[in-house]
Amino acid sequence: MTGANSFSVSGYGPEQARWTRLFARDSLARRLDWPILLSALALSMIGAALVYSATRNRTEINKGDPYYFLMRHLLNTGIGVALMIVTVWLGHRALRNAVPVLYGVSVLGVLLVLTPLGATINGSRNWIVIGGLSLQPSEFVKVTIILGMAMLLAARVDAGDKTYPDHRTVLQALGLAVVPVMIVLLMPDLGTVLVLVTIVLGVLLASGASNRWIFGLLTAGVVGCVAIWQLHILDEYQINRFAAFANPSLDPAGVGYNTNQARIAIGSGGLTGAGLFHGSQTTGQFVPEQQTDFVFTVAGEELGFVGAGLIIVLLGVLLWRACRIARETTELYGTVVAAGIVAWFAFQSFENIGMTLGIMPVTGLPLPFVSYGGSAMFAVWVAVGLLQSIRVQRPMSA
């Protein structure tokens, strides 16, 4: 087996060998997937400009500093890139051995949200606030579910004992996923639950599991949605969001306000937009949460169809390259990890952009790399690190 974890150089220890291989010309310059890296960086930088535009005049939240959110967004991006580098250095195979610890920490994190350490922000109790530091543990659950399910589903296949996961293995993988999903549902954070369910389906499809599991899960999902509605598990604000999605004219000054203002902002941008920092809806602060959930409206209004389309193209490039990595890797573990990331990024991007256009219900999901938020930024860059690791550690002939 080739890769950072098995590479050896005469006269060097394993750590020196890892660094030698990672920073060798043939490893870093030729094996890294530059379109993914450059697309992610471009999205983060575009996000910085949009976040600044949305918050520079918001004195009630920027503490009197127009650059407050801009600098924090850039800092979050910098930390995210550092986490990506660490992830590539460790390698997805080494992280495979640490999955039990990572999974336990992430589950503990979402459990702490339900304790007095948890805080409610924008109607969802999915944050931990300690001093001035706020974390959203559910963002990291997305990563650990992918790694954990991939470890279980690929173990016997990569060892050569099986050609595809058997029913027992699939059941174990689903058991691993259902624990954090149920905890996140109790917060309640319906948007993250939808992302996690999409990840589970994407992982199972990529693993080669029987289609009966896919159809069974889809059926269970429909039954579960009906049960959640009938048992009144959702909070009133979440029910109102779905009601506003089904009937956009319902309470336009209340629950339908966000969606209506988002449509106005995007529609007013036209082909080329009003110009960065010159959007009347953005400057007038008509769209709530414009630096996070509704950041795409800033692009639509100020950069127009061209700028908003560029964001979609960059996301498309990232997803295309991630699909290629999933297809070309020779180990099932790497394929499943890459496929889980594709499912995560694709659904979350579609949901975020869709809710600003009124074609999806408002769920409070950030736009990957673009929206302001530390936990979300860290998680997506770790995912990029996993993709890069899978590509870097694949055999030279692949």
Side-chain angles (χ1 to χ4, degrees), residues 40 43 46-47 50 121-124 126 136 138-143 145-146 177 180-181 184-185 187-203 205 217-218 221-222 224-225 228-229 234-235 237-246 248 255-256 258-263 265-266 287-300 308-309 311-316 318-319 322-323 339-373 375-377 379-380 383:
L43 287 167
I46 292 173
L50 300 181
I121 300 177
N122 297 330
S124 294
N126 54 5
Q136 193 173 3
S138 58
E139 290 293 334
F140 303 105
V141 167
K142 299 170 185 176
V143 177
I145 280 185
I146 291 172
V181 169
V184 173
L185 184 60
M187 293 179 181
D189 185 356
L190 184 60
T192 300
V193 168
L194 293 175
V195 174
L196 295 178
V197 170
T198 303
I199 288 173
V200 170
L201 291 173
V203 163
L205 283 170
L217 287 174
L218 291 174
V222 173
C225 290
I228 289 171
W229 187 272
L234 298 180
D235 284 347
Y237 82 94
Q238 292 175 315
I239 296 174
N240 289 339
R241 284 178 174 179
F242 279 101
F245 168 67
V255 68
N258 288 17
T259 302
N260 289 331
Q261 293 300 321
R263 287 175 173 175
I266 293 176
V287 183
E289 305 302 328
Q290 213 169 6
Q291 75 276 15
T292 53
D293 302 346
F294 287 90
V295 70
F296 191 74
T297 63
V298 186
I311 292 176
I312 295 174
V313 168
L314 289 171
L315 288 168
L318 197 154
L319 292 172
C323 286
I341 294 171
V342 169
W344 164 15
F345 285 4
F347 177 81
Q348 188 161 316
S349 299
F350 178 76
E351 164 60 27
N352 177 276
I353 295 173
M355 72 183 187
T356 64
L357 298 175
I359 61 174
M360 293 292 285
V362 176
T363 57
L365 289 173
L367 185 59
F369 303 99
V370 182
S371 293
Y372 172 80
S375 299
M377 185 69 79
V380 294

[X] versus [Y], closest heavy-atom pair with distance:
X: Ala308; Y: Phe296; answer: CB-CZ, 3.5 Å
X: Leu315; Y: Pro368; answer: CD2-O, 4.4 Å
X: Met355; Y: Thr363; answer: SD-N, 3.7 Å
X: Arg263; Y: Leu357; answer: NE-O, 3.6 Å
X: Phe369; Y: Ala40; answer: CE2-CB, 3.7 Å
X: Gly340; Y: Ile199; answer: O-CG1, 4.0 Å

Next on the checklist: Is there a side chain to side chain contact (heavy atoms under 4.5 Å, CB included) between Ile311 and Leu50? Walk through the geometry before answering.
Outcome noted: CA-CA 12 Å; Ile311 292 176; Leu50 300 181; 4.0 Å; yes

Taking the side chain as every heavy atom from C-beta outward, state whether [X] and [Y] have any pair of such atoms under 4.5 Å apart.
X: Asp293; Y: Val362; value: no
X: Trp344; Y: Thr198; value: no
X: Thr192; Y: Met187; value: no
X: Met360; Y: Ile353; value: no
X: Ser375; Y: Phe140; value: yes
X: Ile341; Y: Leu318; value: no
X: Leu194; Y: Glu351; value: no

Item to check | Option passing side chain to side chain contact (heavy atoms under 4.5 Å, CB included) with Leu367 (candidates Thr292, Asn352, Leu43, Thr356) | outcome: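 Of all the options given, the one that passes is Asn352.
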
Checklist entry - Quick check, are the ring centers of Phe350 and Phe345 under 6.0 angstrom apart? => result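 Between Phe350 and Phe345, the centre distance exceeds or equals 6.0 Å.
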
Next on the checklist: Going by ring pair (Phe, Tyr, Trp, His ring centres under 6.0 Å), name the residues that satisfy it together with Phe347, two or more places apart in sequence or in a different chain.
Outcome noted: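 Once residues adjacent in sequence are excluded, Phe347 has no partner under the ring pair (Phe, Tyr, Trp, His ring centres under 6.0 Å) criterion.
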
Item to check | ring pair (Phe, Tyr, Trp, His ring centres under 6.0 Å) partners for Tyr372, two or more places apart | outcome: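 With sequence neighbours excluded, Tyr372 shows a ring pair (Phe, Tyr, Trp, His ring centres under 6.0 Å) to Phe69, given in chain and number order.
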
Gap between atom [atom2] of [Y] and atom [atom1] of [X] - 0.5 Å precision:
X: Gln136; Y: Asp189; atom1: CD; atom2: CG; value: 6.5 Å
X: Leu196; Y: Ile145; atom1: CG; atom2: CD1; value: 4.5 Å
X: Leu365; Y: Gln348; atom1: CG; atom2: CD; value: 5.0 Å

Checklist entry - If you measure only the distance, is there a donor-acceptor pair under 3.5 Å linking the side chains of Ser371 and Gln291? => result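 On atom types as modelled, these side chains do not qualify, holding no pair under 3.5 Å.
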
Checklist entry - Would you say the side-chain atoms of Ser349 pair up with the backbone N or O of Ala346, donor to acceptor, closer than 3.5 Å? => result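 No, because the side chain of Ser349 does not come within donor-acceptor range (under 3.5 Å) of the backbone of Ala346.
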
Next on the checklist: If you apply the rule side chain to side chain contact (heavy atoms under 4.5 Å, CB included), what do you find for Val197 with Leu217, and how did you get there?
Outcome noted: CA-CA 9 Å; Val197 170; Leu217 287 174; over 6 Å; no

Next on the checklist: Going by side-chain contact (heavy atoms from CB on, under 4.5 Å), name the residues that satisfy it together with Ala376, two or more places apart in sequence or in a different chain.
Outcome noted: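 Ala376 satisfies side-chain contact (heavy atoms from CB on, under 4.5 Å) with Glu139, Pro366 once adjacent residues are dropped.
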
